[in-house]
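By convention in this document, chain letters (A, B, ...) are assigned in the order of the sequence lines, proteins followed by strands, and residues within each chain are numbered from 1.
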Amino acid sequence: MGKWTRRAFIGAGSLVGGGFVLGVAGITLAPGRHSLVSDDAAEKGELTTWITVTPDNFTTILVPHCEMGQGSQTALAMMAAEEMEADWDLVRINEAPALDAYANAYLLRAFTGDPFPAPIGRAIDYGAYRLASWFGTQVTGGSMAVRGTGFGMCVAGAAAKEMLLAAAAERFGVPVSECTAAESRVTHAASGQSASFGELARAATAIPVPPHPALKDPDTYTLRRTARQRFDIPPKVDGSVTFGIDFTLPGMLYAAVDIAPVQGGKLVSVDPGPAENMPGVKQVVQLEEAVAVVADSYWQARQALGKLSPVYDDAGHGNVSSASIFAAFDESLGDPPDMPTDAATVITADYRVPFLAHATMEPMACTARVEGDQAEVWAGTQDPLNARSMAASALDFDASQVKLTNLPLGGGYGRRLPFTFDYVQLAVRIARAASPAPVKMVWSRENDIQHDFYRPAAMSRFAGALDGQGRPLAVASYYAGGGNAEAVFMPYAIADRRDDARDAAHHIRTGEWRSVLNSQHGFFKESFIDELAHAAGKDPYRFRRDLMGDHPRHRAVLDRAAAMADWDSPLPAGEGRGIAICESFGSIVAQVAHVAVSPAGDLRVPRVWVAVDCGDVVNTDTATAQMEGGVIFALSAAMVGEITIEGGRIAESNFGDHLMIRMADAPDVKVEFIRSNAWLGGLGEPSVPPVAPAVTNAIHAATGIRVRDLPIKNQDLSRA
Amino acid sequence: MAITLEVNGRTRSVDVDPQTPLLWVLRDTLGLTGTKFGCGMAACGACTVHLDGRAVRTCTLPVSAAEGASITTIEGLAQDGTLHKVQQAWIDNQVPQCGYCQSGMIMAVSALLEQRPDPSDEQIDAAVTNVCRCGTFVRIRRAIHAVARETAGEEVRDG
């Protein structure tokens with residue numbers, strides 16, 4: 001990697017001066033974030049930070065996000081290629097390496113959209129980049145890749161096209177306004193001249209990168225809004241993809257670990273003797289909170305680890321259980337919220353959801369080599385720059401002493417986000433002990449289930465009031481376990497709406513779990529509105545709909561889901577439909593679940609209909625896939641998912657007691673998108689929150705039983 | 001102790017503890033990392049390979065029990081550079097998301113279709129019990145039926 005220059009702008013560095021706040025001059029003169037290229041850009045055909053065109057006429061798009069199956073690498077390439085007018089068959093992608101130069105700069109756009117005059121927007125993007133590179137952030141999460149970085153990819157593609165057009169005009173000796181780009185060629189129709197992007201690229205690199213090129217009219221899209229195959233799928237069907245756990249080096253050793261079972265606990269003592277004489281064992285490594293065995297093979301390391309009897313302390317949390325945590329929540333919530341005294345009807349309800357594990361199919365794994373004051377790390381992460389700095393801090397190194405290579409992730413769902421890189425930190429500490437040999441640390445499934453950053457358990461206490469005509473006067477909640485404005489938002493016109501956090505602390509390590517706080521609050525609020533509809537004696541779909549006058553996008557999505565499901569058609573006894581709608585990560589998702597409950601109480605969910613307004617869709621097929629997958633991921637949680645605490649530690653240990661639905665329980669999922677042309681919304685997470693309430697509302701419709709505590713498997717649904 | 005295995009049509013000799021699960025021999029001794037570790041208790045199916053054409057979970061199968069059998073892993077499923085029709089259907093239907101479970105899925109499904117070329121949904125549910133955390137089941141089912149239709153079409157043409 002050569003040194004970095006800002007070709008479009010000379011002297012920006014001195015103006016921004018290493019600070020992060022751009023003054024008036026900085027706003028006027030800030031470089032386009034997409035104009036940072038290496039000093040050998042001409043040789044490489046590097047047109048912008050993200051786009052390189054080689055003489056063979058291939059366009060390579062560098063994508064600053066990881067791939068964990070969500071398909072955003074392909075979607076981002078589509079956005080750049082659309083603006084650039086590149087031939088999709090001549091497009092390749094590479095994941096941007098873990099270098100400060102590729103820090104996230106555009107994520108802010110997920111929230112701001114692009115309402116700014118061009119120089120201001122450019123300054124915002126550049127300022128965001130300076131901040132991101134200073135913090136070392138290259139995160140893939142929050143359903144932000146396409147709706148945030150996508151904007152930057154469009155700008156980069158449009159800039160590349162303008163440069164290629166300018167190079168062509170010079171070469172043809174014609175005005176640039178008479179040249180057109182299509183299918184990776186620039187043509188001057190009047191003179192019949194044309195040249196491929198590959199032929200023009202080198203000359204185009206000499207042209208200043210336009211800081212704010214014009215973007216296409218969406219009505220002229222030819223690539224976006226179509227279904228394109230993902231780049232990452234072919235190596236996933238023949239076993240050739242190298243996930244983090246698959247990475248191998250010559251002479252590599254393997255490590256198995258045992259970690260203090262109560263989070264915060266420390267290793268008190270361990271006799272390494274029983275492991276040291278086992279075949280293949282190189283070393284027993286004692287760490288503050290764990291013990292590891294390093295051996296010639298992973299199986300040898302596992303076998304030897306099993307011979308040890310480490311003693312840990314419980315950090316004073318030995319009496320904590322799920323029951324004690326929920327009892328503390330209950331106490332902190334206190335009396336239900338006050339309701340208007342003139343209400344005709346007041347109802348109250350408590351809801352509880354458990355801790356949840358991510359349970360990525362690839363257990364946490366990391367390979368590291370520490371030699372002197374340098375370290376090299378290979379792992380699958382959702383933020384390679386943050387993982388690099390966390391590896392460095394575990395070794396007391398500077399980030400510049402660590403090189404990290406990010407590898408495809410065998411599932412993320414929020415488990416591998418910033419500041420959750422305990423597995424990377426463990427691996428580098430073990431590798432330091434085994435230095436200079438490289439070590440691959442692989443977690444057992446038990447390690448993985450018991451040392452997660454869990455979806456927080458939460459509890460909510462709702463009260464609602466209706467007038468004499470069954471119209472809601474007030475809805476209010478107290479909640480424990482975390483929440484935010486997005487998670488508690490209801491798109492209903494209710495004059496008196498209140499939500500208040502009343503938290504009770506515990507020692508269980510929590511983190512972001514696909515849809516973050518929305519999976520808990522989606523269940524709470526969309527269950528309660530359903531209960532209120534029943535209290536009012538109204539159809540739950542129409543009750544919601546009638547309150548959505550101020551939210552036409554929500555109403556359109558709700559209507560679409562109800563129409564897809566043929567909401568009013570009759571069902572046999574023991575079957576029912578439930579509806580729910582949640583807005584999260586900029587997208588509105590309504591779902592109808594169809595359930596069947598046998599007299600013995602066995603639950604089946606044969607169908608889920610999903611209507612989505614995410615503004616517009618980039619890759620129609622991956623968008624649909626994210627909706628389908630999110631529904632099934634969330635249905636696992638709703639039906640059978642739970643992490644329970646006993647004696648301060650996690651009771652579940654492997655797939656025998658940590659349950660997930662499989663083929664036989666997976667519903668057919670039908671998905672439709674509504675194009676509202678709002679700013680793009682995310683798609684990785686927003687199909688998760690409505691699932692649990694849609695299903696439990698359907699159970700109520702089928703049986704009259706109201707499920708207020710998840711998972712559903714713990715509830716008796718039988719009818720005498 | 002040396003154990004002789006037949007993996008993807010090649011004879012391989014490995015010097016490991018005979019109790020070592022076949023999974024770790026494939027991955028760490030033979031470098032065939034397409035077969036995945038998921039649970040270590042034969043509960044998720046990520047480690048599925050074919051043993052004499054039968055789908056077998058290898059994370060609990062001692063390597064000694066595979067001696068003398070013909071082992072096919074995901075790396076050996078394609079023939080002469082042509083993907084197995086299940087692999088092709090996985091691309092055509094864009095089945096994988098993270099992809100980690102899909103080696104095992106493809107091995108389980110290809111063994112099922114060998115036994116039952118046109119399985120019913122119930123037979124699919126009973127035979128394919130692997131875990132996919134990304135939730136690709138909708139597309140797995142669609143892809144299985146697509147392969148069955150394609151096979152039926154071939155038989156009619158060959159007919």
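For A:T624, the parts lying near chain B are the backbone and the side chain together; criterion is any non-hydrogen pair under 4.5 Å. For a residue to count as touching a neighbouring chain, one of its non-hydrogen atoms must lie under 4.5 Å from one of that chain's; by this rule A:D665 does not touch chain B. Interface residue A:V241: only backbone heavy atoms are found under 4.5 Å from chain B. In this structure, the portions of A:I245 lying under 4.5 Å from any heavy atom of chain B include both its backbone and its side chain. The contact between B:Q19 and chain A is made entirely by backbone atoms, counting heavy-atom distances below 4.5 Å. No part of B:D121 comes within reach of chain A, as not one of its non-hydrogen atoms sits under 4.5 angstrom from that chain. Using a 4.5 Å cut-off between heavy atoms, A:P667 touches chain B through its backbone atoms (N, CA, C, O) alone. Contacts of A:V631 with chain B are absent, with no heavy-atom separation under 4.5 Å from either backbone or side chain. Using a 4.5 Å cut-off between heavy atoms, B:R142 contacts chain A through its side chain alone, with no backbone atom that close.
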Determine, stepwise, if the pair B:Q102 / A:V237 fulfils side chain to side chain contact (heavy atoms under 4.5 Å, CB included). CA-CA 7 Å; B:Q102 299 294 351; A:V237 306; over 6 Å; no
Check the pair A:H358, B:R133 against side chain to side chain contact (heavy atoms under 4.5 Å, CB included), reporting the backbone distance first and the verdict last. CA-CA 9 Å; A:H358 299 84; B:R133 188 61 164 152; 5.6 Å; no
Show the numbers, then the answer: is there a side chain to side chain contact (heavy atoms under 4.5 Å, CB included) between A:D246 and B:R27? CA-CA 8 Å; A:D246 300 327; B:R27 286 181 58 82; 2.9 Å; yes
Could you please spell out the steps behind the side chain to side chain contact (heavy atoms under 4.5 Å, CB included) verdict for A:Q229 and B:Q94? CA-CA 7 Å; A:Q229 296 200 339; B:Q94 294 284 289; 3.5 Å; yes
Salt bridge (Lys or Arg N to Asp or Glu O under 4.0 Å) between B:R139 and A:E628, worked out: CA-CA 9 Å; B:R139 289 171 185 234; A:E628 294 166 352; 2.7 Å; yes
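The backbone N or O of B:P96 sits less than 3.5 Å from a side-chain atom of A:R230, completing a donor-acceptor pair.
In this structure, OH on A:Y254 lies 9.0 Å from CH2 on B:W24, to the nearest 0.5 angstrom. To the nearest 0.5 Å, atom CE of residue B:M41 and atom CZ of residue A:R445 are 11.0 Å apart. To the nearest 0.5 Å, atoms CE (A:M663) and CD1 (B:I124) are separated by 6.0 Å. From A:Q300, atom CD reaches atom CG of B:D17 across 8.0 Å, with rounding to the nearest 0.5 Å. Within the model, atoms OH of A:Y298 and CG of B:D28 stand 9.5 Å from one another, a figure rounded to the nearest 0.5 Å. For the atom pair A:D238 CG and B:I106 CD1, the distance stands at 8.5 Å (nearest 0.5 Å).
Inter-residue side-chain proximity for A:R662 and B:V131 is flagged as met; some heavy-atom pair is nearer than 4.5 Å. Put simply, the side chain of B:Q97 does not reach to within 4.5 Å of the side chain of A:M68, judged on heavy atoms.
Relative orientation of the A:F243 and B:Y100 rings is perpendicular, given thresholds of 30° and 60° on the angle between their planes.
The number of heavy atoms from other shown groups lying within 6.0 Å of CD (B:Q115) does not exceed 12.
Between chain A and the options B:C39, B:S103, B:G34, B:A43, heavy-atom pairs under 4.5 Å are most frequent for B:C39. The greatest number of non-hydrogen atom pairs below 4.5 Å with chain B, out of A:G656, A:G411, A:P363, is found for A:P363. In terms of non-hydrogen atom pairs under 4.5 Å with chain A, the most contact-rich of B:N130, B:I91, B:I140 is B:I91. In terms of non-hydrogen atom pairs under 4.5 Å with chain A, the most contact-rich of B:A78, B:G135, B:G76 is B:G135.
Nearest heavy-atom pair across A:G410 and B:C98 is C-SG, 3.5 Å.
When the options B:C132, B:C44, B:C134 are evaluated for a side-chain contact (heavy atoms from CB on, under 4.5 Å) with A:M361, the one that passes is B:C44.
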